[in-house]
Amino acid sequence: MSVKELITVPDDILREISEPINKVEVNEKKLIKDLFETMYYHNGIGLAAVQVGILKRVIVLDVSKNENEKKPLCFINPEIKKLGKEMSTYEEGCLSIPNTFIEIERPEVCTVSYIDENGDKKEMECDGLLSTCLQHEINHLDGKLIIDYLSKIKKDLLIKKLSKQKTSNRVIV
Ligand code: NI
């Protein structure tokens, strides 16, 4: 198990479409463990495999508030089956977009089908924060980011700023 390096905007890999997983075997299980470890290390509540550079349809989540009561959830090949009509709004951040929070309105309830880490087919109805996070992470699997919910002008400005931040850490001595 290991903490993986996070891929951040504007890396093009974040725009790729991730591939479904056919079978959950040793490599997939290792990937899931690494994703959990990386997510917890960075204090995130969700992470998609593409964010560590692996184009597989796997996401991990933990939206539990209590540090001592972890509720790790893993979704392989998640697919939204139903979206509720009611909407809810959260200020969303993303481990691939440092120091950025964007208000996004999404359906409050969603039903998702997926395969769990044992390879079993499942379906779950989610609401509240879990629903929002799940939709955010499934967006990642399709190359979509929270900045895509902004106007083009705001989005371009933000990408410019983030690109500068990235290089400003470089030191040449
Ligand atoms: Ni994200």
Side-chain angles (χ1 to χ4, degrees), residues 2-21 28 31-65 67 70-80 83 87-110 112 114-117 124 126-152 154-166 169:
S2 54
V3 173
K4 298 285 182 196
E5 199 185 323
L6 288 174
I7 308 251
T8 55
V9 167
D11 197 309
D12 287 339
I13 197 168
L14 293 169
R15 295 312 193 169
E16 300 277 323
I17 308 232
S18 295
E19 294 284 334
I21 280 181
E28 288 72 25
L31 169 63
I32 292 164
K33 280 185 181 159
D34 288 347
L35 287 174
F36 275 121
E37 207 176 326
T38 307
M39 178 184 78
Y40 287 126
Y41 178 82
H42 290 284
N43 296 315
I45 56 175
L47 190 68
V50 58
Q51 294 179 274
V52 298
I54 294 174
L55 290 166
K56 300 264 181 200
R57 298 188 85 82
V58 187
I59 62 185
V60 296
L61 291 171
D62 189 339
V63 296
S64 60
K65 298 255 159 62
E67 262 283 307
K70 285 189 175 152
K71 284 186 187 145
L73 291 169
C74 172
F75 299 83
I76 299 164
N77 302 343
E79 239 181 87
I80 302 268
L83 290 170
M87 304 295 275
S88 64
T89 306
Y90 283 91
E91 256 201 320
E92 296 182 28
C94 180
L95 289 175
S96 293
I97 312 172
N99 309 317
T100 305
F101 291 90
I102 300 170
E103 251 189 24
I104 297 176
E105 191 183 56
R106 299 185 192 266
E108 192 178 339
V109 181
C110 69
V112 64
Y114 62 100
I115 295 169
D116 71 7
E117 57 266 59
M124 192 191 278
C126 311
D127 61 8
L129 184 58
L130 180 58
S131 171
T132 284
C133 285
L134 201 49
Q135 292 173 61
H136 173 126
E137 298 309 330
I138 291 174
N139 277 170
H140 273 299
L141 303 183
D142 294 319
K144 188 166 180 178
L145 300 168
I146 52 173
I147 51 175
D148 299 341
Y149 290 84
L150 295 171
S151 68
K152 189 175 181 321
K154 278 191 184 165
K155 180 174 149 181
D156 289 348
L157 270 173
L158 188 63
I159 291 174
K160 221 176 184 179
K161 196 178 93 185
L162 290 167
S163 310
K164 269 190 201 154
Q165 274 177 7
K166 222 176 176 183
N169 288 333

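Keep in mind that what you see is a predicted model, and the values were worked out from it rather than measured. Order of appearance sets the numbers: ligands from 1, and atoms from 1 within every ligand.
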Legend entry - NZ/NE/NH1/NH2 to OD/OE distance under 4.0 Å, Lys70 and Asp62: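 Looking at Lys70 and Asp62, the cut-off is not met.
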Legend entry - pair Leu6-His42: side-chain heavy atoms closer than 4.5 Å: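 They are in contact (side-chain heavy atoms under 4.5 Å apart), so the answer is yes.
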Inset, instruction - Find out whether Met124 and Leu130 are in side-chain contact, i.e. whether some heavy atom of one side chain is under 4.5 Å from a heavy atom of the other. - result: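 Of all side-chain heavy-atom pairs linking Leu130 with Met124, at least one is under 4.5 Å.
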Inset, instruction - Under 2.8 Å from the Ni ion (ligand 1), which protein N, O or S atoms are there? Could you list them by chain and number? - result: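 Hits for the Ni ion (ligand 1) below 2.8 Å: Cys94 SG, His136 NE2, His140 NE2.
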Legend entry - Cationic tip of Lys4 above Tyr41 ring, under 6.0 Å, 45° of axis: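 Lys4 over Tyr41 ring: no.
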Inset, instruction - Ignoring hydrogens and angles, state whether a donor on the side chain of Thr89 or Glu103 is under 3.5 Å from an acceptor on the partner side chain. - result: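 There is no such pair between these side chains.
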Inset, instruction - Check step by step if side-chain contact (heavy atoms from CB on, under 4.5 Å) holds for Cys133 and Tyr90. - result: CA-CA 10 Å; Cys133 285; Tyr90 283 91; over 6 Å; no
